[in-house]
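Computation of the quantities below employed the complete heavy-atom set of this structure, encompassing side-chain atoms and omitting hydrogens, waters and symmetry-equivalent molecules. Bear in mind that the values here come from a model prediction, so they are computed numbers and not experimental data.
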Amino acid sequence: MRINTMLLDTLKRLECSLHGNRRKDRKWLEQILHEGFSEITRSGVLVDRAQTIEALSGEDSFPAILSSHFRLISVGDNFAILHYRTVNPDGSRASLRSSCWEISENGQWQLVFHQGTPEAESV
């Protein structure tokens, strides 16, 4: 259980680094995004690693993202799925997100896949 808590903390920190000013750091993006990275954006568009690096590193400003409800699914020793929820500071644009992380041969966790889906409205 302690290992999962440590892993959750590590992946949460890495994930949230992509929500702040590090998302503009091309060198950081090239390090953290797996060679085969792809993403299905909140708007339903499939993008690859190069498109993601270009888009994020070219942002003039980045949106404030509040993240919560992190849940970890550990899949073996070298792969994990992180589920969480995001909202804008005003509570708008709620999204459910999933990120698939793999540990590389040099011990660095890298993001392999990410998907953001608008959260269904509560009834």
Novice: Which heavy-atom pair separates Ala64 from Asn88 by the least distance, and what is that distance?
Specialist: O-OD1, 3.7 Å
Novice: Are Leu29 and Phe113 in one and the same hydrophobic cluster, where Ile, Leu, Val, Met, Phe, Trp and Tyr link if side-chain heavy atoms are under 4.5 Å apart?
Specialist: no
Novice: Taking all atoms of both residues into account, what is the closest heavy-atom pair of Leu66 and Pro89, and its distance?
Specialist: CD1-CA, 3.6 Å
Novice: Taking the side chain as every heavy atom from C-beta outward, state whether Val75 and Ile81 have any atom pair closer than 4.5 Å.
Specialist: yes
Novice: Any chain of hydrophobic side-chain contacts (each under 4.5 Å) joining Trp101 to Val112?
Specialist: no
Novice: I'd like to know whether NZ of Lys12 has more than 12 heavy-atom contacts from other residues, nucleotides or ligands below 6.0 angstrom.
Specialist: no
Novice: When rounded to the nearest 0.5 angstrom, what distance separates CZ in Arg85 from OG in Ser68?
Specialist: 5.5 Å
Novice: Do Gln108 and Gln31 have side chains that approach each other closer than 4.5 Å (heavy atoms only, starting at C-beta)?
Specialist: yes
Novice: Under the criterion side chain to side chain contact (heavy atoms under 4.5 Å, CB included), I'd like the reasoning laid out for His83 against Leu96: C-alpha separation, chi angles, the key distance, then a yes or no.
Specialist: CA-CA 7 Å; His83 293 284; Leu96 300 178; over 6 Å; no
Novice: Inspect the surroundings of CG in Asp77 and state if more than 12 heavy atoms from other residues, nucleotides or ligands are less than 6.0 Å away.
Specialist: no
Novice: Is the shortest side-chain heavy-atom distance between Leu72 and Leu7 below 4.5 Å?
Specialist: yes
Novice: Pairs in or reaching into residues 38-64: which pass salt bridge (Lys or Arg N to Asp or Glu O under 4.0 Å), with residues at least two apart or in two chains?
Specialist: Arg23-Glu59, Arg26-Glu54
Novice: Give the C-alpha distance, both sets of side-chain angles, the deciding distance and a yes or no for side chain to side chain contact (heavy atoms under 4.5 Å, CB included) between Gln110 and Ser104.
Specialist: CA-CA 7 Å; Gln110 293 184 307; Ser104 66; 4.0 Å; yes
Novice: Taking atom CD of Glu102 and atom CG of Asn78, what is their separation to the nearest 0.5 Å?
Specialist: 5.5 Å
Novice: If you define the side chain from C-beta out and look only at heavy atoms, does anything of Ser99 sit under 4.5 Å from Glu15?
Specialist: yes
Novice: Run the side chain to side chain contact (heavy atoms under 4.5 Å, CB included) check on Ile53 and Leu33 step by step: do they pass?
Specialist: CA-CA 9 Å; Ile53 290 172; Leu33 298 181; 3.8 Å; yes
Novice: Do Leu82 and Trp28 share a hydrophobic cluster, counting only Ile, Leu, Val, Met, Phe, Trp and Tyr and linking them when any side-chain heavy atoms are less than 4.5 Å apart?
Specialist: yes
Novice: Are Val47 and Thr41 close enough that some pair of their side-chain heavy atoms sits under 4.5 Å apart?
Specialist: yes
Novice: Taking C-beta and beyond as the side chain, do Ile32 and Ser17 meet within less than 4.5 Å on heavy atoms?
Specialist: yes
Novice: Could you state whether Ile65 and Leu14 fall into the same hydrophobic cluster, counting links through intermediate Ile, Leu, Val, Met, Phe, Trp or Tyr residues with side-chain heavy atoms under 4.5 angstrom apart?
Specialist: no
Novice: Contact between Leu111 and Leu18 at the side-chain level, heavy atoms closer than 4.5 Å - yes or no?
Specialist: yes
Novice: Fit a plane to each ring of Tyr84 and His114, take the angle between them on a 0 to 90° scale, and name the class: parallel (under 30°), tilted (30 to 60°) or perpendicular (over 60°).
Specialist: tilted
Novice: Does Trp109 share a hydrophobic cluster with Leu8, counting links as ILVMFWY side-chain heavy atoms below 4.5 Å and allowing steps through other members?
Specialist: yes
Novice: Which distance, rounded to the nearest 0.5 Å, do you find between the CD of Gln51 and the OG of Ser38?
Specialist: 10.0 Å
Novice: Rounded at 0.5 Å granularity, tell me how far NZ in Lys27 sits from OG in Ser57.
Specialist: 14.5 Å
